[in-house]
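Below: the structure, in C-alpha cells.
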Amino acid sequence: MRLGIDTTWMGDNPAGVGTFAGEVIKELEGREDLELVLFSAKDTSWRKHLDIYQEIKENKIDVLWQLGDWLPLLMPSGVKTIQTVHDLM
C-alpha cells in the first residue's frame, strides 16, 4: 500500500504536529507492507489543493494522511484519507 503523507506542517524546525508526524513516520518506515511517499504543498494559498492533487495522482497514492486542518478539494477516485486534527481546545 502506498501511503502519502503531507508533511507541509512539519516545517524546518518541527514542534507539536511536526514532532508527532516525525515520530509516526519513523515507526512506519520499517514496515514492509507500506511504501511511504512524503510530500509538501509548494504553496499555502488555494493552490495547495492543486499541489496535493498532483502529488496524489503522480505517485498513485492509495491512502492520504493529512496532518493539517483541511483535506484537498480535489481527490482522485478511490483514494482513502486519514486526517489528524490537533489542538482543538
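- When all heavy atoms are compared, the tightest approach of E55 to I61 is O-CG1, 4.2 Å.
- Taking CD1 of I52 as the reference point, atom NZ of K57 lies at 15.5 Å (rounded to 0.5 Å).
- Distance check: I56 CD1 to M75 CE gives 4.5 Å after rounding to the nearest 0.5 Å.
- Apart from L74 itself, the hydrophobic cluster it occupies contains W46, L50, Y53, where clustering links Ile, Leu, Val, Met, Phe, Trp and Tyr at side-chain heavy-atom distances under 4.5 Å.
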One pair to check against side-chain contact (heavy atoms from CB on, under 4.5 Å): I82 and L64. What are the steps and the verdict? CA-CA 6 Å; I82 302 168; L64 170 67; over 6 Å; no
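- By the side-chain hydrogen bond (donor to acceptor under 3.5 Å, both in side chains) test, R31 pairs with D33, sequence neighbours left out.
- Minimum interatomic distance between I25 and T7 (heavy atoms only, all atoms of both residues): CD1-CG2, 4.4 Å.
- For L73, the side chain to side chain contact (heavy atoms under 4.5 Å, CB included) partners two or more places apart in sequence, or in a different chain, are H49.
- In the hydrophobic clustering of this structure, L38 groups with L3; members are Ile, Leu, Val, Met, Phe, Trp, Tyr whose side-chain heavy atoms approach within less than 4.5 Å, directly or through other members.
- L71 and V37 fall into different hydrophobic clusters, defined by Ile, Leu, Val, Met, Phe, Trp and Tyr side-chain heavy atoms under 4.5 Å apart, directly or through other members.
- Residues that satisfy the side-chain hydrogen bond (donor to acceptor under 3.5 Å, both in side chains) test with Q66, not counting sequence neighbours, are D6.
- By the side chain to side chain contact (heavy atoms under 4.5 Å, CB included) test, D62 is found to be paired with M1, R2, residues two or more places apart in sequence or in another chain being considered.
- Taking E23 as the reference, K26 meet the side chain to side chain contact (heavy atoms under 4.5 Å, CB included) condition, with sequence neighbours excluded.
- Residues that satisfy the side chain to side chain contact (heavy atoms under 4.5 Å, CB included) test with V24, not counting sequence neighbours, are F20, L28, W65.
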